[in-house]
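Following: one structure in structure tokens, then a few remarks.
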Amino acid sequence: MEKQFDPARIETIAQGYWDSAETFRVTEDPDRPKYYCLSMLPYPSGKLHMKEVRNYTIGDVISRFQRMQGKNVLQPMGWDAFGLPAENAAIKRGVAPAGWTYENIAHMRRQLQRMGYGYDWQREVTTCSPDYYRWEQLMFTELFRKGLVYRAKSIVNWDPIDQTVLANEQVVDGRGWRSGAPVERREIPQWFVRITDYADELLEELDQLPGWPDAVKTMQRNWIGRSEGVELDFPLADEAGGALRVYTTRPDTLYGATYMAVAADHPVAIAAAEKNPELAAFLTEIRQGAVTEEALEKLEKKGMPLGVEAINPLSGERIPVWVANFVLMGYGTGAIMAVPAHDARDHEFATRYGLPIRQAVGPADGRAVDVQGEPWVAKDGLVTVAAGEFTGLDFPAAFNAIADHLEARGIGERRTNYRLRDWGVSRQRYWGCPIPMIHCPDCGAVPVPEAELPVTLPESVTFSGVQSPLKTDPDWRRAACPQCGGEAERETDTFDTFVESSWYYARYCCPDAEAILDRRADHWLPVDQYIGGIEHAVMHLLYFRFWHKLMRDQGLVASDEPATNLLCQGMVLAEAFYRDSEEGGREWIAPADVKIERDGRGRIMRATRCSDGAELTATGWTTMSKSKNNGEDPESLVDRFGADTVRLFTMFAAPPDQALEWQDSGVEGASRFLRRLYSLVHDHVSGGQVPAPAAAELDEAGTDLRRKLHQTIGKVGDDVGRRYTFNTAIAAIMELCNALGRYDVATDAARGLRQEVLEAVVLMLQPITPHLSHALWTRLGRDGAAVDQPWPVVDESALVQDEVELVVQVNGKLRGRIRMAADAAEDTIREAALADAHVQRFLEDLTIRRVIVVPGRLVNVVAG
RNA sequence: GCGAAAGUGGCGGAACUGGUAGACGCGCUGGGUUUAGGUCCCAGUGGGGUUAGUCCCCCGUGCGAGUUCGAGUCUCGCCUUUCGCACCA
């Protein structure tokens, strides 16, 4: 055995072994329980990111652990290859998005392989390949035929200078990122999938997912936002008649409605603006700005009266109709009834424009509230006041009485509403999956027949960024109508990339199927463990669940949910450094180019740039990102320390669901531990033939070490297999190694024990540092490969302990420790605790009132 | 603005079911090995006080209240940070 630990050499040998033995290639096996471990597939941005290393190391640790439990493990990998960054790269460097993407995939695949992840590469899925997206096109046309897909108008960010639709991230402070022009909201026709048809099922089945984090389930519940309310008409008071339809969850507050507000695109607002130029200008003004909910909510509330009045259907009162910038057409009915006394946003608006605020409900205990100063929004413990015949009712009673009344008079009905909106899947972009529809002047929108799929995206194009090459290519656009054969046009929009990532996990099961999926899908599904970033808690994970149900209803899969367990890992943070220069604004300096001076306690005192000594400002911990130039390159760390060290550190630094603060010094600590273990094994095997373990011949120190070994096996199995706290598993292994290092090996029995400990350590580390374990397993003289060994078994007889230490508290404060037989009776424990000299000191002049004995843990003496 | 989480030494974190706060690692301090540097090994390391001593005391888990024999852990309010908000993925 070489004295020096050489990670590069060890890693090459181990990876070569797994390759030639086809260790990670899996097929369906009826004799072994299956285990499907899935990590979210990466966008091929060019370089592997630290957050991906973290994600995939977690997945690989779980996969390798399950393999050691005897499971038939499927762990696939692929590429979420469509998306905006490829278009941006194309604009910046003048390369085609396809070529750029394929090069990135090749580079990143090699980076993943160097990390030693146990993927079955034969199942690799690349979403921009026609072999993949043709099946999603087929699925879409089938959904269209089932009526689950429709076309409707919706709002996009429109850049009036570049004449293009902008993504939300391309809107900076309400302006286009490149043109700088104020963004306008524009309505265009787009394709939608009816996710709201599945809203109830998506909501209710969250209760059947005990393996999903509560935080994610709560966020999804809130996102779906089911509410019970009433939809009703407020008749308009002008001669033309008509009515404003609104939805409210608070019909009990109807008597407090003092004005109405409509969206700028509402027909009533447009009609009113025709004869009012000032109003028309205002409508144009409030149509500007970004479309995100966040931007709308943070907006300064603005409005203008339309000169139109509506009639409160309960009180008969005439109230003014306003147009307001925070009401949007397409969200609900595009109109709201405003009850400023009981809604914060309505209150802010009413106060600003001097509109009346009238109380409709109040506390049931009769306490007076002043709604002029601030709204009273409670829904519990309320009673209606000044509400005509409905006065004096609590919330459920008022809700029902008013809803019955409205329904009886035919001006409204009860309605269940969702905050969730149907999924708009159209994108006005080139680098995406073409939407397989043909627009015929006579037949309308017609799906492309299955025999003509896939609708292939042309890959050799020049991409300028102004318009999609699909829209400017008349040959590509031209098509015969599948229905009437007449001249027609292809849809030039492409799919939201969330469509590809909604079903890739199922395609991994049968990547070569000549259909969307085949029978193999149900062998592997549902996914046993899904792992990905918390940032996907709502959108991706909801579409992922939704698409699974769509596939179920198409008869493609049998299960209701795609994944039984979900682990959301935290972000990866790093320190960032910048300097503000007069000429060039803020400049971010890579941490590798920064010289840091720390004070005696390790805090950063001063940071300077290595090249010129320029003074820099440190930001503290922040997300690793390109814009801050603080990304740690995993590959250079692998070059310096080896893949095992990088894997060990990312698992050790924090529990997986917490943010990980990246520190190079910590990486060195991980490397040091592996070197120490290597030399422990080296020293051990250089002593020659190892005798068989003989537990009975061990002295007290040996018995203690052996107990610690088996405690550790139990703890690590629980930490890795159930708790997913890899950091504590590693800490326990380190403790065991420290104990082994202190253990004096003078006898044959002791050498045998050392062999037993080292073998267990090597196997327990196999999921985390598989290359080193592969090497050391052989060095310890064992046959076979570490990756194929079963998880070590706890020897219950080694855990037995005759004596335990108990803590004695007086009034909750630690005052003494006593050693007792493990099975001592409560009375004996109480006596021993009270007899302890140190405890007695604190009981002088006090009367003992109670003694609490917690067996195996502590005694608390309550005295006063 | 709305929704969801998280705050523990100089730093990352541990304490799993309400029961010894600070495991493990980094950093730092002192010592040793080495021609030197690095590596490696040993010891110490929450803050304050105290002792001849290896004894002992007080304080301490973002802030403020509460429940309990006992709270980092449970409840309420506040502050700060992070994630998401439908065209970034």
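Lettering follows sequence order; numbering is per chain, from 1.
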Practice item. Verify, without hydrogens or angle tests, whether A/Ser468 (side chain) and A/Leu470 (backbone) share a donor-acceptor contact under 3.5 angstrom. Key: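 Yes.
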
Exercise for review: Could you tell me whether a side-chain N or O of A/Glu87 sits under 3.5 Å from a main-chain N or O of A/Tyr430, the two making a donor and an acceptor?
Suggested key: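 A pair under 3.5 Å: yes.
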
Select base, sugar-phosphate, or nothing to describe what [X] touches, counting heavy atoms under 4.0 Å on all strands.
| X | value |
| --- | --- |
| A/Asn738 | sugar-phosphate |
| A/Val862 | sugar-phosphate |
| A/Ala659 | sugar-phosphate |
| A/Arg857 | sugar-phosphate |
| A/Lys51 | nothing |
| A/Val156 | base |
| A/Leu296 | nothing |
| A/Glu735 | sugar-phosphate |
| A/Val216 | nothing |

If only side-chain N and O atoms of [X] are considered, is one of them under 4.0 Å from the OP1 or OP2 phosphate oxygen of [N]?
| X | N | result |
| --- | --- | --- |
| A/Thr497 | B/rA89 | yes |
| A/Asn727 | B/rA14 | yes |
| A/Gln809 | B/rU20 | no |
| A/Arg427 | B/rC87 | yes |
| A/Arg850 | B/rC69 | yes |

Of the nucleotides [options], which has the atom closest to the [X] side chain?
| X | options | answer |
| --- | --- | --- |
| A/Leu858 | B/rG19, B/rA89, B/rC85 | B/rG19 |
| A/Met539 | B/rC87, B/rC24, B/rA86 | B/rA86 |
| A/Ile852 | B/rG25, B/rC69, B/rA86 | B/rC69 |
| A/Glu805 | B/rU20, B/rA86, B/rG25 | B/rU20 |

hbond_proxy [X] side chain to [N] base (donor-acceptor, 3.5 Å cutoff):
| X | N | result |
| --- | --- | --- |
| A/Arg817 | B/rU20 | yes |
| A/Asn860 | B/rC69 | yes |
| A/Glu535 | B/rC85 | no |
| A/Arg672 | B/rC40 | no |
| A/Arg722 | B/rC16 | yes |
| A/Gln170 | B/rC88 | no |

Point to revise | Distance (rounded to the nearest 0.5 Å) between A/Asp496 CG and A/Trp191 CH2 | key: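 Output value for this atom pair is 16.0 Å.
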
**Study point:** 5'-most by nearest nucleotide on RNA chain B - A/Thr292 or A/Met571
**Key:**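 The residue whose closest nucleotide sits nearer the 5' end is A/Met571.
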
Point to revise | Residues forming a side chain to side chain donor-acceptor pair (under 3.5 Å) with A/Gln428, sequence neighbours excluded | key: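 With sequence neighbours excluded, A/Gln428 shows a side chain to side chain donor-acceptor pair (under 3.5 Å) to A/Gln190, A/Asp493, given in chain and number order.
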
Review point. Taking atom types as modelled and ignoring hydrogens, do the side chains of A/Ser179 and A/Asp159 form a donor-acceptor contact shorter than 3.5 angstrom?
Key: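 Yes, because at least one side-chain N or O of A/Ser179 sits under 3.5 Å from a partner of the opposite role on A/Asp159.
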
Review point. Taking atom types as modelled, is there a side-chain donor on A/Ser671 or A/Arg675 under 3.5 Å from an acceptor on the other?
Key: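 A donor-acceptor contact under 3.5 Å links the two side chains.
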
Review point. Watson-Crick or G-U wobble partner for B/rU35, using a 3.5 Å limit on both distances?
Key: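 Checking every strand shown, B/rU35 finds no partner, since no pair has both distances under 3.5 Å.
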
Exercise for review: For each nucleotide in nucleotides 52-59 of chain B, reading 5' to 3', give B when a protein heavy atom comes within less than 4.0 Å of its base, S when such contact involves only the sugar-phosphate, and - otherwise.
Suggested key: ----SSSS

Side-chain atoms of residues 169-176 of chain A: list all donor-acceptor pairs with protein atoms under 3.5 Å, sequence neighbours left out, distances to 0.1 Å.
from, atom 1, to, atom 2, distance (Å)
A/Gln170, OE1, A/Ala167, N, 2.8
A/Arg175, NH1, A/Gly180, O, 2.9

Exercise for review: Answer yes or no on whether A/Arg185 is positioned over the face of A/Trp158, meaning its NZ or CZ is under 6.0 Å from the six-membered ring centre and within 45° of the axis.
Suggested key: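 No, A/Arg185 does not sit over the ring of A/Trp158.
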
